[in-house]
Amino acid sequence: MAKKFNTYGACIPEKHYMVDLTSRLEAIKAMVDEGDYFTINRARQYGKTTTLRALSTYLKEDYYVVSLDFQQLGSYAYENETKFVMSLSSAILRVFRNFPEDIREQMTALMMGKETLLSLQRLFQIFEDWCAASDRPIVLLIDEVDTATNNQIFLDFLAQIRAEYLNRYNVPTFQSVVLAGVHDVRSIKRKIRPEDEHKENSPWNIAAKFKLDMYFSANDIVGMLKDYESDYHTGMNIQSVADMIFEYTSGYPYLVSDICKITDEELPGSDEFPQKADAWTEQGIREAIKRVIKEDNPLYESMMGKLVKYPELRSLLQEVLFNGQTVLYASTASYIKDAAMFGFIRNENETVVIANRIFESVLYNHFISEEFTGNKLYAVGAEERNRFIVGGHLDIRRIMEKFIETFSEVYGEEDEEFLEKAGRKYFLLFLKPIINGIGNYSIEPQTRNSERMDLVIFYRGEQNILELKIWRGNSYNERGEKQLSGYLDYFHMKKGYMLSFNFNKKKTRGIREIVLGDKVLVEGVV
């Protein structure tokens, strides 16, 4: 059976195209060899389960591996200590076979509720006997620990593991315990017991730091595409395709696989991409990226749910996206930690940046969609959409003209502070219905700041560069024109656009063309 790109559940090497995990597994095994207890906490659909399953296989030559999924225990297990002990014993018996016979009998008695003392203390006594009798060290892997983190029984379970770890030179215990989930288990005390005295006293404070990068590098993607190309011989430029996928995903595993899956399975057979060879091109990857941004999937649903639950996270993202605010990456700030833990942001030169360009577009679309209802700019963009499409091409100048007219009419009397914060958001709101369904846009991250934002608009295979900026005087504006000219050089284009939000009461609204060398800049002033 032919391999597929996989976006749901763990990847299986025989069935799915995968990146080579060997170097990651070697690094994790080194921690296991050291006897570390640690957590692999990464955002949803970041490859944690795939990594744990591969690790289970990788360790089997040197260790006995007990690999559990706490999601499978069910809510019943957390009702009380007795049920937790019975459920956990049952789960271990189900996945592990190499017990000494007396240990199997004791575990079975716990599972059946036939022990006199059905407690965590008794369970860990059996664990000690098991580790003492085993002819190999035992490693415990637990996936989906988020399922358990909202209850006291799980905390008590971690406390027992911690006690065993601290006493490991006196009593036999597990070689290593590895937990996997979204939340950093070291902080769950804060979730369950908000009182100050409990905030810094997690039972998992013995965990070693897990610093391994789990994103896919461009070279990782190259390796996966080479595997695919050996099967299909599309003639794609593997390095170029991999670099483009990495540029938009920053190696987020789910997004990488999703782009590849759409390119492989959805695009071929369409009018635009008749064959697989047509799909594995720059134009095909752009189409796949557009579909990934627009799709409804569990990852995006989870992210949007977090925006409701964590208001500070929402405010942080809006400041970075629309206002170009520079935010210090302070890992001690709870809202920064939450944003990173859920995969929204990353640390770049000690500054907060959005994790990848696809998440940027998804978040822009989400925030903008909240403004749709009753907004005059969106309504005008939707109603007059056809006048901005000339011969199948997007007429950016007409879009700018109509935006200036409508924005001035609706918001002309607003104060400067409002206009600085809302101007760029409202232009995107105006643009959205015009290109919706056919085109898309992205923000160039290196140019997004409180003064300037470069927008790349994609429409039917064409690109247009439009700089959104705050007017800070003629000399500043001239520097901006030169910057945009340099940016056009990068894209090998001769025409660009600039939309300036000018708060000078004597300003002249409208459009003018500026010739800079061999380039034409169309500038609009709001």
Participant: Should the heavy atoms of other residues, nucleotides or ligands under 6.0 Å from NZ of Lys376 be counted, would the total exceed 12?
Facilitator: no
Participant: Can you find a heavy atom in the side chain of Val456 that is under 4.5 Å from one in the side chain of Asn464?
Facilitator: no
Participant: Measuring from atom OG of Ser257 to atom CG of Asn6, what distance do you get when rounded to the nearest 0.5 angstrom?
Facilitator: 7.0 Å
Participant: Quick one: does Leu455's side chain get under 4.5 Å of Leu428's, heavy atoms only?
Facilitator: yes
Participant: Please confirm whether the backbone N or O of Pro298 pairs with a side-chain atom of Ser302, one donor and one acceptor, at under 3.5 Å?
Facilitator: no
Participant: Using atom types as modelled and distance alone, determine if a side-chain donor or acceptor of Thr249 lies under 3.5 Å from a backbone N or O of Gly251.
Facilitator: yes
Participant: Taking side chain to side chain contact (heavy atoms under 4.5 Å, CB included) as the criterion, tell me which of Phe430, Tyr426, Phe322 meets it with Ile368.
Facilitator: Phe322
Participant: From Leu521 CG over to Tyr497 OH, what is the distance, rounded to the nearest 0.5 angstrom?
Facilitator: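 Between Leu521 CG and Tyr497 OH, I get 10.5 Å after rounding to 0.5 Å.
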Participant: Checking Asp395 now: which residues fulfil salt bridge (Lys or Arg N to Asp or Glu O under 4.0 Å) with it, not counting sequence neighbours?
Facilitator: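 Residues passing salt bridge (Lys or Arg N to Asp or Glu O under 4.0 Å) with Asp395: Arg398.
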Participant: Please round to the nearest 0.5 Å and tell me the distance separating atom CD1 of Ile289 and atom CG of Leu255.
Facilitator: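 Those atoms lie 10.0 Å apart.
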Participant: Check this for me, if you would: do Arg385 and Glu383 make a salt bridge, where the nitrogen-to-carboxylate-oxygen distance has to be below 4.0 angstrom?
Facilitator: no
Participant: Parallel, tilted or perpendicular: which fits the ring planes of Phe344 and Phe342, with parallel below 30° and perpendicular above 60°?
Facilitator: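 Perpendicular, since the angle between the ring planes exceeds 60°.
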Participant: Looking at CG of Asp143 and CD of Gln72, how far apart are the two atoms once the value is rounded to the nearest 0.5 Å?
Facilitator: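 With rounding to 0.5 Å, CG (Asp143) is 9.0 Å from CD (Gln72).
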Participant: Under a 3.5 Å distance rule, please check whether Ser315 uses its side chain to pair with a backbone N or O of Pro311 as donor and acceptor.
Facilitator: yes
Participant: Is there a donor-acceptor contact under 3.5 Å from the side chain of Asn375 to the main chain of Leu377?
Facilitator: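 Yes; at least one donor-acceptor contact below 3.5 Å.
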Participant: Quick one, Glu282 with Ser240, criterion side chain to side chain contact (heavy atoms under 4.5 Å, CB included). Give me CA distance, side-chain angles, the key distance, then yes/no.
Facilitator: CA-CA 8 Å; Glu282 179 178 342; Ser240 176; over 6 Å; no
Participant: Which is it for Ile345 and Val320 under the side chain to side chain contact (heavy atoms under 4.5 Å, CB included) test, yes or no, and what are the steps along the way?
Facilitator: CA-CA 10 Å; Ile345 65 169; Val320 171; over 6 Å; no
Participant: Is Lys261 salt-bridged to Glu266, cutoff N-O under 4.0 Å?
Facilitator: no
Participant: Does the salt bridge (Lys or Arg N to Asp or Glu O under 4.0 Å) test come out yes or no for Asp220 and Arg24, once each step is laid out?
Facilitator: CA-CA 11 Å; Asp220 288 330; Arg24 294 167 175 80; 2.7 Å; yes
Participant: Give a yes or no on whether a salt bridge exists between Lys290 and Glu287, defined as a side-chain N under 4.0 angstrom from a carboxylate O.
Facilitator: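 Salt bridge: yes.
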Participant: Inspect the contact between Lys306 and Asp338 and indicate whether a charged nitrogen and a carboxylate oxygen are less than 4.0 angstrom apart.
Facilitator: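 Salt bridge: no.
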Participant: Taking Arg42's backbone N and O only, do any of them form a donor-acceptor pair with Lys48's side chain (distance below 3.5 Å, no angle check)?
Facilitator: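 Present.
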Participant: So Trp280 and Phe5, would you call those rings parallel, tilted or perpendicular, with 30° and 60° as cut-offs?
Facilitator: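 Ring orientation of Trp280 relative to Phe5: tilted.
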Participant: I'd like to know if Glu370 pairs up with Arg314 as an ion pair, taking the criterion as any Lys NZ or Arg NE/NH1/NH2 lying under 4.0 Å from an Asp or Glu carboxylate oxygen.
Facilitator: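 Salt bridge flag = yes for Arg314 with Glu370.
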Participant: Between the main-chain N or O of Phe38 and the side-chain N or O of Asp36, is there a donor-acceptor pair closer than 3.5 Å?
Facilitator: no
Participant: Does the ring centre of Phe157 sit less than 6.0 Å away from the ring centre of Phe84?
Facilitator: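 Close enough - the centres of the two rings lie under 6.0 Å apart.
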Participant: Quick check: closest heavy atoms across Val526 and Leu499, and the distance to 0.1 Å?
Facilitator: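 Distance-wise, the nearest heavy atoms are CG2-CD1, 3.7 Å.
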Participant: With rounding to the nearest 0.5 angstrom, report the CG to CD1 distance, Leu21 to Ile28.
Facilitator: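 Nearest 0.5 Å value for the CG-CD1 distance: 8.5 Å.
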Participant: Does OH belonging to Tyr335 count more than 12 external heavy atoms closer than 6.0 Å?
Facilitator: no
Participant: Given side chain to side chain donor-acceptor pair (under 3.5 Å), test Arg162 with Asn205 step by step and report yes or no.
Facilitator: CA-CA 8 Å; Arg162 178 192 181 202; Asn205 60 10; 3.3 Å; yes
Participant: Are Phe458 and Tyr441, when compared by the centres of their aromatic rings, separated by less than 6.0 Å?
Facilitator: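 Aromatic pair excluded; centres sit 6.0 Å or further apart.
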Participant: Would you find a donor on one side and an acceptor on the other, under 3.5 Å apart, between the side chain of Tyr459 and the backbone of Ile435?
Facilitator: no
Participant: Report the C-alpha distance between Ile396 and Leu466 in whole Å, list the side-chain angles of each, state the deciding distance to 0.1 Å, and finish with yes or no for side chain to side chain contact (heavy atoms under 4.5 Å, CB included).
Facilitator: CA-CA 9 Å; Ile396 303 297; Leu466 192 156; 3.6 Å; yes
Participant: For the pair Ser369 (side chain) and His366 (backbone), establish whether a donor and an acceptor sit closer than 3.5 Å, ignoring hydrogens and angles.
Facilitator: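 Checked: pair present.
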Participant: Please check: side-chain N/O of Thr406 versus main-chain N/O of Lys402, any donor-acceptor pairing under 3.5 Å?
Facilitator: yes
Participant: With under 30° as parallel and over 60° as perpendicular, where do the rings of Tyr8 and Tyr254 fit, or are they tilted in between?
Facilitator: perpendicular
Participant: Looking at Val327, is its backbone amide N or carbonyl O close enough to the side chain of Thr351 to form a donor-acceptor pair, meaning the two atoms are under 3.5 Å apart?
Facilitator: no
Participant: Does Glu295 come within less than 4.0 Å of Arg291, counting only side-chain N to carboxylate O?
Facilitator: no
Participant: Kindly give the heavy-atom pair with the smallest separation between Met31 and Ala208, and that separation in Å.
Facilitator: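 Distance-wise, the nearest heavy atoms are CE-CB, 4.1 Å.
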Participant: When you look at CZ of Arg286, are more than 12 heavy atoms from neighbouring residues, nucleotides or ligands closer to it than 6.0 Å?
Facilitator: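 Yes, the 6.0 Å shell around CZ holds more than 12 heavy atoms from other groups.
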Participant: Which value, rounded to the nearest 0.5 Å, describes the distance between Asp264 atom CG and Ile259 atom CD1?
Facilitator: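 It comes to 13.5 Å.
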